[in-house]
Protein chains: 2
Amino acid sequence: MSAKSDPGRSLALLWGSHTRPGRSGLTIRAIVDAAIELADAEGLDAATMRRVADKIGVGTMSLYTHVPGKTELNDLMVDTVIGELYTGVDDPAGHGGWREGLRYVAERNWDLSLRHPWLLDATGGRPTLGPHAVLKYEAELRVLDGIGLTDLQMDSVLTLVLTHVEGVARSHAGLARAQRDSGLTETEWWRATAPVLERVMTGHDFPVAGRVGEASSQVYQASADPAHAFAFGLDVILDGVQRLIDAPR
Amino acid sequence: MSAKSDPGRSLALLWGSHTRPGRSGLTIRAIVDAAIELADAEGLDAATMRRVADKIGVGTMSLYTHVPGKTELNDLMVDTVIGELYTGVDDPAGHGGWREGLRYVAERNWDLSLRHPWLLDATGGRPTLGPHAVLKYEAELRVLDGIGLTDLQMDSVLTLVLTHVEGVARSHAGLARAQRDSGLTETEWWRATAPVLERVMTGHDFPVAGRVGEASSQVYQASADPAHAFAFGLDVILDGVQRLIDAPR
DNA sequence: ATCCGTTGGCGTACACCGTACGGTACAGGC
DNA sequence: GCCTGTACCGTACGGTGTACGCCAACGGAT
């Protein structure tokens, strides 16, 4: 039983106050904020222990006095930005019926992923279960409370919507990163790739893919449009949920 | 204009035959296969250039004679395992109506992600557009051809289903990795975490989250069940697509 | 006022990573 | 038999997370 994956230690850290300063004024909050700023500006990979420490002006290893390791720092970063979601009285359940509420939940999560694209890289695996994550879960579930769904269905519907948002947000973040790394906009890349692809595909036959691919790429000037995928998928999912409410299985 | 992100070079590599051996019999195919074996066994992080070379029995830098860099090797790995999907006459469009076909597509992609969890880490960003990826796109689109959807809707519906599968598969892979790294099964982890979470949450009030969270965690003996999320979400999405077909917008 | 145990801060070191660079030795054309 | 192109590879560089051990400053007891 190693101390490596002790859930209690990580949870206590997450639910702590993070305000007690050390000798040089070093605080958990300051460490987390610096790491978030770095990740916002240059991606999660840029939030290395060395660069976080440099940004604050302390030695690298001083961070380990306040944070057990990189993993726990990531957890703290995640729960901190989740705190941006529903602050105070901004209750998703007060936005009309379940459909408007669910749409609001999806849009707020989408916005959050646009502000902090690294969130998608930092999550995955066991959930974080920090205070803001639990608050988020509560606020989002309230949207679906009392409309005729079982508790399990409420959880499943919420998970479905959040999975959809996470998927399209990941797609968006991936394209944005590719654009930054390559220096080519999506349109430029597609203009450069399409002719090469067409030439290399000569001899093979893809009737449907050719027709559909050309149609959608002409509309988006690219190979995919995450914003459209977000809206289209959300509409379809909400229609499916409507059916679930109308005709419970 | 650097050669770093030249789409033509990467495409030519993907559509090549990969069979011409060098002096010591070193082949692109052998390199890719070794990398896939490593990634299957220990995750994408284990497929380092050094370990791939060691596995084949050549020097690390010899790989760079056949592959421009790690990025291109990843692309080759991805397109290679995508080739496992619809081999030969196994056509998703021959599985009944669009609903059964779409379900078949979802299940085959789900299976593939279970066999090669690293796929989810290797994709993202611009699509790979190798021969097997294009073949997959064609085969999957045929399921939706001629049922009253526009070309754009066909592409959007397919994207929606694949995004859903990718999302729940990523969730599954994350939990599996957490289980391997921590040595705790999902049930064990939840049994260890739940009481701590309950104690740390005393003083706060989460009525709906408490009720729903307890209900679902009692069913799954965990905090989430990707297999259930896969099935539930797919049903809801298919219902929503049904509505789209019935009442085009 | 002095001493001492505790603790915050940090410098160094280790084992990894991708890959740029330059050297070596072999295969095939003449 | 010689020459040349290239397959192969050893070394090195700058990066990563963090284990370990040292130092200095603080708080409390005497």
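Chain identifiers are assigned alphabetically (A, B, ...) following the order of the sequence lines, protein sequences preceding nucleic acid strands; residue numbering begins at 1 within each chain.
- Here dC10(C) presents its P atom at 12 Å from CE of Met61(A), a figure rounded to the nearest Å.
- Remark: P of dG11(C) and OH of Tyr64(A) are 15 Å apart, rounded to the nearest angstrom.
- At dC10(C), one or more side-chain N or O atoms of Ser62(A) fall inside 4.0 Å of OP1 or OP2 (strictly under the cut-off).
- Looking at which nucleotide of DNA chain C each of Gly57(A) and Pro68(B) is closest to, the 5′-most match is held by Gly57(A).
- Atoms CG (Leu44(B)) and P (dC16(C)) sit 18 Å apart, rounded to a whole Å.
- For Lys70(B) and dC16(C), the NZ to C1' distance is 12 Å, given to the nearest whole Å.
- Judged by distance alone, with hydrogens and angles left aside, the side-chain atoms of Asp79(B) form no donor-acceptor pair with the main-chain N or O of Thr128(B) at under 3.5 Å.
- With respect to Glu84(A), the side chain to side chain donor-acceptor pair (under 3.5 Å) criterion is satisfied by exactly one of His132(A), His116(A), Arg108(A): His116(A).
- Residue Arg50(A) places a side-chain atom within donor-acceptor reach of the base of dG17(D), judged by atom type and a 3.5 Å distance cut-off alone.
- Between the Thr87(A) side chain and the Gly83(A) main chain, no donor and acceptor come within less than 3.5 Å of each other.
- Between Glu166(A) and Arg170(B) there is no salt bridge, since no side-chain nitrogen of the basic residue lies less than 4.0 Å from a carboxylate oxygen of the acidic one.
- For His66(A) and dT18(D), the NE2 to P distance is 16 Å, given to the nearest whole Å.
- A straight line from CE of Met49(A) to P of dA13(C) spans 21 Å, rounded to a whole angstrom.
- When distances are taken from the side chain of Thr65(A) to each of dT19(C), dC8(D), dG8(C), the shortest belongs to dG8(C).
- We find that CD1 of Ile28(B) is positioned 11 Å from P of dA7(D), with the value rounded to whole Å.
- Across all strands, Thr48(B) comes closer than 4.0 Å only to sugar-phosphate atoms, never to a base (heavy-atom distances).
- Rounded to whole Å, atom C1' of dG10(D) lies 14 Å from atom CG of Leu63(B).
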